[in-house]
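A short write-up of the structure that comes next.
The chain is numbered in sequence order, starting from 1. Keep in mind that what you see is a predicted model, and the values were worked out from it rather than measured.
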Amino acid sequence: MKKRVQMCEKLFLITWTLIQSGVFHHDDPPPLVELQHKHWDPLLEWARSTFDVDVQVFTSVLLHSQSAETRTKFNDILTEMDPWELAGEYPTALIEVKETIMTILAMERVTYVTKSFLIALALVKRHLTVEEAAIAAQVEVSSQIQRWGEVEDSHDVDFHDVRRQLGSAACLLADMV
């Protein structure tokens, strides 16, 4: 249990201090602002109302931080998740060996793929579909494609790879129902 708590704290710390998509909003160009409002604002409102937290939005990547209360609440949510919400795949000997360590975590996988704790939490808690999570995770890329065009064999491959990785986590979660 101690190892799991430490892992959750590490995952939470990484996502909230370094790579939190959804809470860093640009004010330009207008197509990016529109995509942020369309895909991130509903996610932020869901998190605020569902978990009674005050998630702040920032316009600079420098010197920003969520409140200690917000960080604590989200860390507690992670720590309280059952193994199947965290697991990225079934351990082969789960029934026979209780000490089996799950090597791939769904929450971790989705967080790293989307670069967002909130998007990962929304997918794991079934607030977002795989497609909705992928779209929210790729807001900046979509804006760049709208502005500059698609890079062949890069953007198109990433488009499908994100959905594949999110889908693999969602498949495990679907089997829990």
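Scored by the side-chain hydrogen bond (donor to acceptor under 3.5 Å, both in side chains) test, D158 finds Q138 as partners (sequence neighbours excluded). A search for side chain to side chain contact (heavy atoms under 4.5 Å, CB included) contacts involving P42 returns nothing, not counting sequence neighbours. By the side chain to side chain contact (heavy atoms under 4.5 Å, CB included) test, A133 pairs with I119, L123, L128, L166, sequence neighbours left out. Residues passing the salt bridge (Lys or Arg N to Asp or Glu O under 4.0 Å) test with D54: none are found, sequence neighbours excluded. Take Q146 and apply the side-chain hydrogen bond (donor to acceptor under 3.5 Å, both in side chains) test, not counting sequence neighbours, and it matches no residue. Evaluation of the ring pair (Phe, Tyr, Trp, His ring centres under 6.0 Å) rule for H39 yields no partner, not counting sequence neighbours. Applying the side chain to side chain contact (heavy atoms under 4.5 Å, CB included) criterion to T50, with sequence neighbours excluded, gives W46. Applying the side chain to side chain contact (heavy atoms under 4.5 Å, CB included) test to V151 and every residue at least two apart in sequence or in another chain returns S154, H155.
Note on V57: it clusters hydrophobically with F51, by side-chain heavy-atom contacts below 4.5 Å among ILVMFWY residues.
Screening residues 35-53 for salt bridge (charged side-chain N to carboxylate O under 4.0 Å, His left out) gives D52-K73 as the qualifying pairs, with residues at least two apart or on separate chains. Sequence neighbours left out, not one pair with a member in residues 147-157 passes salt bridge (charged side-chain N to carboxylate O under 4.0 Å, His left out).
A donor-acceptor pair under 3.5 Å is absent between the side-chain atoms of R126 and the main chain of A122, judged by distance alone. Q165 contributes no side-chain N or O that, together with a main-chain N or O of V162, makes up a donor-acceptor pair within less than 3.5 Å.
Under the 3.5 Å distance criterion, with hydrogens and angles disregarded, no donor-acceptor pair is assigned to the side chains of W40 and Q36.
Of all heavy-atom pairs spanning T114 and A120, the tightest one is OG1-N, 4.2 Å. Contact between L35 and S143 at its shortest, heavy atoms only, is CD1-N, 3.7 Å. Across all non-hydrogen atoms, the minimal contact from P30 to D28 is CD-OD1, 3.4 Å.
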For this session: Begin with the C-alpha distance, continue with both residues' side-chain angles, and end with the deciding distance and a verdict on side chain to side chain contact (heavy atoms under 4.5 Å, CB included) for E132 and L43.
Result: CA-CA 10 Å; E132 290 168 334; L43 182 61; over 6 Å; no

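Counting side-chain heavy-atom gaps under 4.5 Å among Ile, Leu, Val, Met, Phe, Trp and Tyr, the cluster of V141 also holds I145.
For E34, the CD atom sits in a loose shell: 12 or fewer heavy atoms of surrounding residues, nucleotides or ligands are nearer than 6.0 Å.
In this structure, CD1 on I135 lies 7.5 Å from OG on S142, to the nearest 0.5 angstrom.
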